[in-house]
Number of protein chains: 2
Amino acid sequence: MIFSENDKFKPIMKEEEKLMERQTITIYDVAREAGVSMATVSRVVNGNPNVKPATRKKVLEVIERLDYRPNAVARGLASKKTTTVGVIIPDVSNIFFSSLARGIDDVATMYKYNIILANSDGDDQKEIQVLNNLLAKQVDGVIFMGMHITDALRGEFSRSKTPVVLASSIDPDDQVGSVNIDYKSATKEAVQLLADHGHQNIAFVSGSLLDPINGKERLIGYKEALQENELKYTEGLVFETKYEYKSGEQLAERILNCGVTAAYVVDDELAVGLTNGLTDRGIKIPEDFELITSNNSLLAEIARPSLTSISQPLYDIGAVSMRLLTKLMNKEEIDEKTVVLPHTIIQRDSTKA
Amino acid sequence: MIFSENDKFKPIMKEEEKLMERQTITIYDVAREAGVSMATVSRVVNGNPNVKPATRKKVLEVIERLDYRPNAVARGLASKKTTTVGVIIPDVSNIFFSSLARGIDDVATMYKYNIILANSDGDDQKEIQVLNNLLAKQVDGVIFMGMHITDALRGEFSRSKTPVVLASSIDPDDQVGSVNIDYKSATKEAVQLLADHGHQNIAFVSGSLLDPINGKERLIGYKEALQENELKYTEGLVFETKYEYKSGEQLAERILNCGVTAAYVVDDELAVGLTNGLTDRGIKIPEDFELITSNNSLLAEIARPSLTSISQPLYDIGAVSMRLLTKLMNKEEIDEKTVVLPHTIIQRDSTKA
DNA sequence: TTGACATATGCAAGCGTTTTTATTTCTTTT
DNA sequence: AAAAGAAATAAAAACGCTTGCATATGTCAA
């Protein structure tokens with residue numbers, strides 16, 4: 001009895017049933033319901049103008065009714081574009097990089113891209129592995145952040161057809177795009193300001209000097225500034241350490257022992273550590289010691305005393321990098337693959353007025 | 001003449017040419033070169049054990065030689081798994097969320113997933129839009145961070161078959177997974193500590209009370225602590241503001257005018273702002289004013305005085321959320337969809353010893 | 001040996017789109 | 001009213017892989 005009733009309904013419900021049971025509505029379902037071909041539905045979905053308004057309307061209604069959502073994976077396979085870009089970042093939880101990341105994502109969203117975010121810890125191995133992984137996922141482009149670009153990595157970059165932009169990272173030969181500030185000049189200005197205040201022993205506090213941004217840009221700027229002020233360059237005043245709060249704190253003692261009275265620091269976290277370390281030892285900033293940091297992140301503002309800083313427009317570097325990448329992906333004409341953004345120095349309380 | 005020469009070579013070079021010219025090596029190329037079927041290559045690539053070792057070796061060699069990389073998009077279409085999860089985050093550049101994100105990505109990597117990161121600014125509209133976008137990209141799961149879950153959003157969650165985990169966000173009915181600490185107890189303990197030090201007027205400084213985490217958890221804990229100490233609850237001591245450094249600074253004046261001598265603050269950035277604002281007005285912390293913050297991020301450590309804080313294990317919350325999501329995606333048995341991680345209070349210099 | 005099973009491999013049908021090519025339907029123009 | 005061209009639509013072949021099913025090969029006990 002029950003069975004026969006069910007059977008009676010079966011043929012009638014067949015189509016509806018199909019829709020209910022199948023978890024995913026496809027372009028084919030829409031086409032059938034709207035009485036057009038898949039091609040037409042595709043055109044409607046993609047905003048192709050070659051569709052009669054009446055047809056468009058009809059299709060749109062069915063899409064609405066069935067709650068159809070195009071499958072981006074199938075699209076990606078057919079069109080060979082994923083509208084996704086890979087972002088390789090040393091560490092998202094570092095405010096310097098996360099500021100860049102935010103700029104990247106905002107512009108990405110603006111151009112209808114999504115970002116796949118992958119942490120590398122700045123590890124050469126992981127960077128390559130992560131890059132290959134992203135390429136396997138068919139990202140349309142890659143934004144790379146990292147202090148240091150190995151030959152192996154550069155090799156991978158050029159081996160693939162996928163466009164790459166370096167955000168706040170320096171590459172000797174500019175095969176790929178990149179967005180930076182002029183680190184050499186910025187450093188020079190900062191050190192100049194310190195020299196103007198009469199300091200004789202100005203420290204250069206940095207991460208690894210092997211990283212081109214430190215060794216080939218900032219250090220040069222530091223040296224030039226010293227030279228122009230007739231100050232002698234001493235290796236003893238160059239401190240190579242990690243980009244960590246703790247490292248900065250620990251450095252305080254050593255730095256004081258060298259008779260240093262001013263420092264240029266390449267990283268905010270490090271700079272805050274040093275500031276706190278000095279303050280804890282009774283040093284008055286800026287009276288007894290002046291200090292300039294480099295990233296103008298929230299940390300520079302929050303620290304007490306607040307820190308005078310080079311202002312790298314972090315968000316903007318990210319945003320411009322992504323914008324550049326969109327052009328590259330779009331095969332547009334690029335006037336200049338390497339863009340240099342302006343920097344300034346924000347005076348706060350870690351230097352005298 | 002030239003033409004005929006070319007023609008002569010064509011048949012000979014045909015296969016090689018194909019390989020050179022076609023930018024992408026496919027599974028088909030590997031199969032042909034190795035003299036096996038695509039299915040076998042697929043099995044090798046996917047580590048399926050049903051392949052004779054000799055065959056496996058041969059295929060692997062060809063893969064190596066041709067530098068073949070499986071196309072994850074095609075794989076995704078065929079297998080209906082993308083090994084990608086979506087992460088909806090209010091703002092990556094906020095250290096609270098980026099700490100969570102780092103935990104998420106590390107565990108994701110561990111389980112061979114990638115994350116698509118999307119900023120929502122905590123905006124209800126954007127959250128839904130971003131979610132739909134991620135679902136269109138066929139992510140295998142979603143991790144959501146946000147202060148506040150609208151009905152619309154909850155609707156989208158339950159409408160899709162894709163598993164969702166809330167990281168450090170509260171949902172009344174637990175249809176989806178979530179990972180948190182016990183905000184009520186944590187707040188209660190913090191306020192209790194302040195009360196123990198004899199404070200009569202303890203402020204509750206928060207973001208929007210409409211966010212369940214504030215209004216339904218923390219505020220309750222605050223009230224309970226007051227009650228147990230026979231202190232009267234006054235609306236005037238509840239401050240609702242934004243999670244921003246500036247807001248905290250500006251709050252200092254108002255808070256002093258209310259005769260407050262201690263505060264529990266729900267966000268580190270806000271807390272540092274308040275601390276600096278108070279200090280700038282000559283208030284001595286902790287002698288004249290005690291303060292406890294909530295996230296134990298780097299900021300709490302960096303601030304001077306350093307801030308006593310509830311320690312939410314941010315990284316762990318992210319990591320556990322992702323781990324939970326892997327189980328959900330894998331359809332494993334889950335003992336408990338809602339996991340509550342332990343918290344502690346880290347005493348620093350913004351409270352008396 | 002042979003039959004019975006297990007193991008290894010191949011075949012081909014999807015997966016849900018885009019896109020090229022072909023076809024149909026409208027407009028014009030004369 | 002017919003021819004020609006433009007506009008709208010349909011048909012079907014990719015895209016690069018996975019996977020169920022069929023087939024082939026190998027192994028062992030009887």
Side-chain angles (χ1 to χ4, degrees), chain A residues 18-19 22-60 62-63 66-84 135-140 161, chain B residues 18-19 21-60 62-63 66-84 112 135-140 161:
Chain A
K18 250 189 204 166
L19 289 182
R22 181 155 63 259
Q23 55 282 50
T24 51
I25 306 283
T26 75
I27 199 175
Y28 175 77
D29 298 314
V30 175
R32 178 169 38 64
E33 289 287 309
V36 299
S37 74
M38 286 162 53
T40 298
V41 177
S42 177
R43 286 188 199 98
V44 170
V45 169
N46 292 298
N48 185 318
N50 292 352
V51 181
K52 192 157 50 168
T55 312
R56 181 187 306 281
K57 180 150 171 286
K58 186 172 56 179
V59 171
L60 250 16
V62 175
I63 286 177
L66 299 189
D67 191 29
Y68 164 74
R69 275 210 220 72
N71 178 324
V73 172
R75 257 180 175 182
L77 182 59
S79 69
K80 301 189 163 233
K81 289 182 197 299
T82 53
T83 62
T84 302
L135 294 177
K137 291 234 163 145
Q138 311 299 116
V139 294
D140 297 335
K161 286 295 296 171
Chain B
K18 252 190 203 163
L19 287 182
E21 283 179 15
R22 179 154 68 257
Q23 54 281 52
T24 51
I25 308 282
T26 75
I27 199 173
Y28 176 77
D29 299 314
V30 176
R32 179 169 38 65
E33 289 287 310
V36 298
S37 73
M38 285 162 56
T40 298
V41 177
S42 176
R43 286 188 196 100
V44 170
V45 169
N46 292 297
N48 183 318
N50 292 354
V51 181
K52 192 157 50 168
T55 313
R56 180 187 308 281
K57 181 151 172 286
K58 186 172 56 179
V59 172
L60 251 15
V62 175
I63 287 178
L66 299 189
D67 193 29
Y68 164 73
R69 273 211 223 72
N71 178 326
V73 173
R75 257 206 237 218
L77 183 59
S79 69
K80 302 186 162 238
K81 292 187 196 296
T82 54
T83 61
T84 302
K112 312 281 187 206
L135 293 177
K137 291 234 163 145
Q138 312 296 119
V139 294
D140 296 335
K161 284 295 297 169

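Every chain is numbered from 1 and lettered A, B, ... according to where its sequence line falls, protein lines coming before strand lines. Keep in mind it's a predicted model, so treat the numbers as computed, not measured.
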Beyond-backbone contact of B/Val62 with B/Val59, side-chain heavy atoms, under 4.5 angstrom: no
Interface with DNA chain D, restricted to residues 40-48 of chain B and to heavy atoms under 4.0 Å: B/Ser42, B/Arg43, B/Asn46
Between C/dT17 (P) and A/Lys80 (NZ): distance, integer Å: 19 Å
B/Arg75 side chain reached by B/Val45 side chain, heavy atoms, under 4.5 Å: yes
Sugar-phosphate only, base, or nothing, as touched by B/Val36 at under 4.0 Å among non-hydrogen atoms: sugar-phosphate
Interatomic distance where CG belongs to B/Leu77 and C1' belongs to C/dC15 [whole Å]: 4 Å
Sugar-phosphate, base or nothing in reach of B/Asn50, heavy atoms under 4.0 Å: base
Whole-Å distance separating the CD1 atom of B/Ile25 from the C1' atom of D/dG16: 13 Å
Short side-chain to backbone donor-acceptor contact, A/Asn46 and A/Ser42, under 3.5 Å: yes
Integer-rounded Å distance: C/dT20 P and A/Met38 CE: 15 Å
Residue met sooner reading DNA chain D from 5', once B/Ala72 and B/Lys52 are mapped to nucleotides: B/Ala72
Min side-chain heavy-atom separation A/Ile27-A/Tyr68 under 4.5 Å: yes
pair B/Val36-B/Lys58: side-chain heavy atoms closer than 4.5 Å: yes
Nucleotide nearest A/Ala39 when distance is taken to its side chain, options C/dT18, D/dC17, D/dA10: D/dA10
Touch class at under 4.0 angstrom, heavy-atom based, for B/Arg56 against every strand present: nothing
Single hit among A/Thr82, A/Thr83, A/Asn71 for side chain to side chain donor-acceptor pair (under 3.5 Å) with B/Lys137: A/Thr83
A/Ala74 side chain, from C-beta outward: closest of C/dT19, D/dA10, C/dG16: C/dG16
Under 4.0 angstrom between B/Thr24 side-chain N/O and D/dG16 OP1 or OP2: yes
